[in-house]
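Notes follow once the structure below has been shown.
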Amino acid sequence: MHAVRRAELELCEDALVVGLGVVGQFAARFAVLSGARVIGWDLYDLRLEAAEKGGVGMTINTAREDPLEATSEFTRGRGLDCAIIAFGGDSDEVFQQVVDAMKVSPDTHQMGRIVIVGGFSFKHQWAASLGNLDVRSAARTGPGFLDPDYETGKDYPPVFVRWTTQRNLEETMRLMAEGRLDIENIISHRFPMSRAPEAVDLLVSRPSAWLSITTSEDRTWDSRPRTDGAATESEW
């Protein structure tokens with residue numbers, strides 16, 4: 001939510017979310033709720049399918065398809081107004097692809113906003129090489145995070161700091177309660193706490209096979225053999 005606020009999306013803008021893990025899935029859904037037309041890029045079909053269920057208008061598997069051509073088609077040749085990069089790691093190539101997908105002014109300068117959330121890093125020249133793009137950082141969950149006074153009960157004056165960490169959380173929970181933010185299709189697996197090591201192994205060894213994992217001891221576990229080594233929601 002904080003990343004989407006940093007993006008300052010407007011109704012009917014064309015927005016991209018790169019990286020459709022858990023953070024990217026939420027960012028894409030909040031972007032849709034803001035009224036933007038959203039396209040998503042990722043390497044894994046499971047994540048792309050979940051994003052489409054969450055309202056994303058088009059998804060691109062960048063391992064199989066040219067993202068620039070498809071994104072241009074999605075924006076009707078206008079280019080992107082905004083992009084959110086929601087994955088970690090180093091990738092000069094991905095950043096350049098995002099820059100190339102942005103809208104371009106008549107003087108050939110790229111325009112729009114790029115918001116980076118997470119541990120993404122890149123090398124790129126600025127000024128003429130970056131056009132008039134705004135590259136913005138979205139740090140954590142909003143104002144107040146890791147402020148000892150704030151986290152122990154003090155608050156910032158809402159007239160000056162409207163969207164604090166707690167307010168973002170409150171609004172997220174409210175959207176879920178109202179049914180406007182559906183997170184069920186973000187959960188790909190459920191494990192009991194007693195089998196947490198298996199969940200960790202899945203996270204590390206098979207990134208294409210999971211999206212997010214929840215744990216619970218409150219239900220009866222179905223111990224039938226799994227064909228893929230993991231347990232899905234339907235197996236409770």
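- Counted within 6.0 Å of CD on Glu151, heavy atoms from surrounding residues, nucleotides or ligands total more than 12; the atom is thus considered enclosed.
- Taking CG of Leu16 as the reference point, atom OG1 of Thr71 lies at 6.0 Å (rounded to 0.5 Å).
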Table please: side-chain donor-acceptor pairs of residues 81-90 below 3.5 Å, with sequence neighbours left out.
residue	atom	partner	partner atom	Å
Asp81	OD1	Lys103	NZ	3.1
Asp81	OD2	Asp14	N	2.9
Asp90	OD1	Ser121	OG	2.2

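- Among residues at least two apart or in separate chains, side chain to side chain donor-acceptor pair (under 3.5 Å) pairs with a member in residues 153-163 are Asp147-Tyr156.
- Closest approach of Thr164 to Tyr150, counting heavy atoms only: OG1-OH, 3.0 Å.
- Taking a 6.0 Å sphere around CD of Glu65, one finds it holds more than 12 heavy atoms contributed by other residues, nucleotides or ligands.
- Remark: Glu93 pairs with Ser91, Gln97 by the side chain to side chain contact (heavy atoms under 4.5 Å, CB included) rule, at least two apart or across chains.
- Pro67 and Thr62 make their closest contact through CB-CG2, 4.0 Å (heavy atoms, listed as atom of the first residue, atom of the second, distance).
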Practice task
With side-chain contact (heavy atoms from CB on, under 4.5 Å) as the test, would you mind laying out the steps for Glu198 and Ile213 before giving the verdict?
Solution key: CA-CA 11 Å; Glu198 294 179 46; Ile213 294 175; over 6 Å; no
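- For Arg5, the salt bridge (Lys or Arg N to Asp or Glu O under 4.0 Å) test picks out no residue, with sequence neighbours left out.
- Every residue two or more places apart in sequence or in another chain was checked for a salt bridge (Lys or Arg N to Asp or Glu O under 4.0 Å) with Arg6, and none qualifies.
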Exercise for the section: Start with the C-alpha distance between Val4 and Phe26, add both sets of side-chain angles, then the distance that settles side-chain contact (heavy atoms from CB on, under 4.5 Å), and finish with yes or no. Expected result: CA-CA 10 Å; Val4 171; Phe26 274 97; over 6 Å; no
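- Going from atom CZ of Arg190 over to atom CZ of Arg195 covers 15.5 Å, rounded to the nearest 0.5 Å.
- Note: Gln110 CD to Asp100 CG = 6.5 Å, rounded to the nearest 0.5 Å.
- Each side chain to side chain donor-acceptor pair (under 3.5 Å) pair with one or both residues in residues 17-32, not counting sequence neighbours, appears once here: Gln25-Arg29, Arg29-Asn185.
- For the side chain to side chain contact (heavy atoms under 4.5 Å, CB included) test, no residue two or more places apart in sequence or in another chain qualifies with Pro158.
- In this structure the side chain of Met58 reaches within 4.5 angstrom of the side chain of Ile39, judged on heavy atoms.
- With contacts defined as side-chain heavy-atom distances shorter than 4.5 Å, the pair His2/Thr165 does not qualify.
- When hydrophobic side chains of Ile, Leu, Val, Met, Phe, Trp and Tyr are connected at separations under 4.5 Å, Val204 ends up clustered with Val200.
- Every residue meeting the ring pair (Phe, Tyr, Trp, His ring centres under 6.0 Å) condition with His124, not counting sequence neighbours, appears here in chain and number order: Phe95.
- The side chain to side chain contact (heavy atoms under 4.5 Å, CB included) check on Thr172 picks up Met1, Phe30, Met176, Leu181, with sequence neighbours excluded.
- The structure places CG of Leu33 at 11.0 Å from CG of Leu9, a figure rounded to the nearest 0.5 Å.
- Side-chain contact between His189 and Leu203 is absent, with no heavy atoms from C-beta onward closer than 4.5 Å.
- Nearest heavy-atom pair, Val17 versus Ala27, reported as atom, atom and distance to 0.1 Å: CG2-C, 4.4 Å.
- Grouping Ile, Leu, Val, Met, Phe, Trp and Tyr residues whose side-chain heavy atoms lie under 4.5 Å apart, directly or via other members, places Leu146 in a hydrophobic cluster with Phe145.
- The line from CD1 of Ile114 to CG of Asp134 is 9.5 Å long, rounded to the nearest 0.5 Å.
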Show me the side-chain donor-acceptor pairs of residues 47-56 shorter than 3.5 Å, one per line, residues at least two apart or across chains.
residue	atom	partner	partner atom	Å
Glu52	OE2	Thr59	OG1	2.5

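- One finds the CG atom of Asp107 at 7.0 Å from the CG atom of Asn132 (value rounded to the nearest 0.5 Å).
- Checking side-chain atoms of Ser212 against main-chain N and O of Ile186 turns up a donor-acceptor pair under 3.5 Å.
- Proximity of Asn168 to Thr141: side-chain heavy atoms (C-beta onward) are nowhere separated by under 4.5 Å.
- The local environment of CZ in Arg140 is sparse, with at most 12 non-hydrogen atoms from other residues, nucleotides or ligands closer than 6.0 Å.
- In this structure, the side chains of Glu13 and Arg113 come closer than 4.5 Å at one or more pairs of heavy atoms.
- The environment of Glu73 atom CD is sparse: at most 12 non-hydrogen atoms of other residues, nucleotides or ligands sit within 6.0 angstrom.
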